[in-house]
Amino acid sequence: ATNITWWHGMGGRNGEVINEVAQKFNEAQSECALTPVSKGSYEEALSAGIAAFRSGEQPNILQVFDAGAATIINAKGAVIPAEDLIKQAGYDFNREDFIEGVRYFYADSDGKFVGMPFNSSAPIMYMNTDALKKAGVEAPKTWEEFEAIAPKLKEAGYIPLVQTQLTWEFTENFFSRHNLQFASNNNGYDSVVDTKINVTDPNHVMMYEKLKAWYDQGLFGYYGAGWNDNQKPFEEGKVALWIGSSGSFGGLQKTATMPFSATFLPYWKSIIPEGVHTFIGGASLFAMAGKPEAENKCVASFFHFLTSAEIQKFYHQSTGYVAITKAAYELAKKEGYYNEKPAAEVGIQQLSLPGAEWDKGYRLGFYPQIRSVMEREYNRIFSGETTPKDAMETIKKEADELLARFAKTAG
Ligand SMILES: O=P(O)(O)OC[C@H](O)CO
């Protein structure tokens, strides 16, 4: 068999499922043998992949998260577009088979898939149903409703709200949920030249002023920028509402110590009468260039295997990442999966809400570095070292400099 490698950035239950997917591929055919290798976090997988490409030791497949999309797509000669690879290997490929939210995020300006969509998610609100019952309240649809019920949740003995990742859930998706422009040049999609970020938008500043006020009142728990540190208190049953990835559903079913459910990410009614859809999170798979023909064929074969409704359904049900093809979603519906587990459908329902002008996400270079600047400043907001307004100005200054530097490297 021809050996191929797949570097990824997943751990815990989602890391185990990657091994199960690879095993299924290896059992389904005998020409190719796929070995997945965890490189740690999404950030670590991207850095390792780029460094390996520079020294000619790249894997065949690299998982790259949403924030790294512009970096990998603009890295000259680093990847072969997934769609070209699949078609050259003689497989049928139809973009329309994929759900809409998934179709554009990792595609070029003509809609060609550069990355192969793999694990797609939405930031949703998980609820500790015992906590809501005890406080005698319903899950909030808007942040105004949250403000009304939060003191009752606190009185009932719970931390009313935590989240996993401020950058993704309260910045990037804040802009899409409220149909606000995140960056110039069509959120960075039209050009890397002279792109500027819009974090100083007064609505966004207001969101962080609210979070800080809720934190000071004991209505919002913040445990630093570490994703798992913020998820843990929810799993332990100490928290009423947790904003997390739909892709955490599979793991949560094993780790949560209390019954839970899920619903959409809240929005501010004062900004938009009805929140619009969020854009996809998670990651996609990139075929790295510079590999022998036989290995590229195996990568195409694996990408084709991933689009089958059965595999998609398996992955969706094992992890909580949304079914990325319409066929897999229909199959899960037909089999009654969502009657049994309504929370598993929330991610795809949120991605399918009515759309608007600014809800398709962003493509910004050096974005993982920009997220680090945000994390540093957000930590400073909660420790009282800066104000949300000053923090956003600092982020804008540093982010715009990074974007200008990226424009130079991308030519
Ligand atoms: O936790 P995930 O895999 O859904 O990813 C969330 C964000 O999109 C990461 O940038």
Side-chain angles (χ1 to χ4, degrees), residues 8-18 21 38-47 49 62-73 99 101-102 104-106 115 117-126 162-177 182 187-188 225-232 234-235 242-252 255 262 264-265 277-286 315-316 318-324 343-344 346-348 350-351 359-375 378:
H8 65 85
M10 310 206 88
R13 176 66 191 138
N14 287 344
E16 287 167 14
V17 180
I18 288 218
V21 168
S38 174
K39 286 284 155 184
S41 65
Y42 281 150
E43 289 84 354
E44 286 163 336
L46 177 63
S47 312
L62 179 65
Q63 183 190 35
V64 179
F65 66 152
D66 49 1
T71 303
I72 190 80
I73 289 172
I99 63 162
V102 165
Y104 305 104
F105 198 79
Y106 300 100
F118 176 59
N119 54 314
S120 295
S121 61
I124 58 175
M125 184 169 71
Y126 290 91
V162 290
Q163 55 74 50
T164 341
Q165 198 193 356
L166 285 170
T167 51
W168 183 51
E169 293 156 357
F170 286 87
T171 292
E172 298 141 28
N173 276 290
F174 174 87
F175 281 86
S176 65
R177 190 88 170 106
F182 184 44
N187 280 0
W227 298 10
N228 291 337
D229 300 340
N230 288 284
Q231 177 170 341
K232 208 162 166 278
F234 179 72
E235 293 171 348
W242 172 59
I243 311 295
S245 168
S246 61
S248 299
F249 181 71
L252 213 52
T255 52
F264 297 155
L265 177 70
H277 73 64
T278 52
F279 69 91
I280 59 159
S284 78
L285 305 183
F286 287 84
Y315 188 67
H316 164 53
S318 311
T319 59
Y321 285 104
V322 303
I324 55 171
V346 172
I348 194 157
Q350 185 171 296
L351 290 168
D359 60 5
K360 291 171 198 68
Y362 62 93
R363 183 161 303 158
L364 300 175
F366 288 151
Y367 198 74
Q369 290 90 321
I370 294 175
R371 271 193 178 173
S372 301
V373 173
M374 289 175 180
E375 283 171 358
Y378 295 168

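Counting starts at 1 for both ligands and their atoms, in listed order.
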Polar side-chain atom of [X] near backbone of [Y] as donor-acceptor pair, under 3.5 Å:
X	Y	answer
N187	F182	yes
D229	A225	no
E44	S41	yes

Taking every heavy atom of T164 against every heavy atom of W227, the minimum-distance pair comes out as CG2-O, 3.3 Å

Quick one: do E235 and K232 make a salt bridge, cutoff under 4.0 Å? no

In order of chain and number, which residues sit within 4.0 Å of ligand 1 by heavy atom? Y42, F65, D66, S121, Q165, W168, W227, S245, G281, G282, Y321, R371

Ring centres under 6.0 Å, that's the criterion: do F279 and Y104 meet it? no

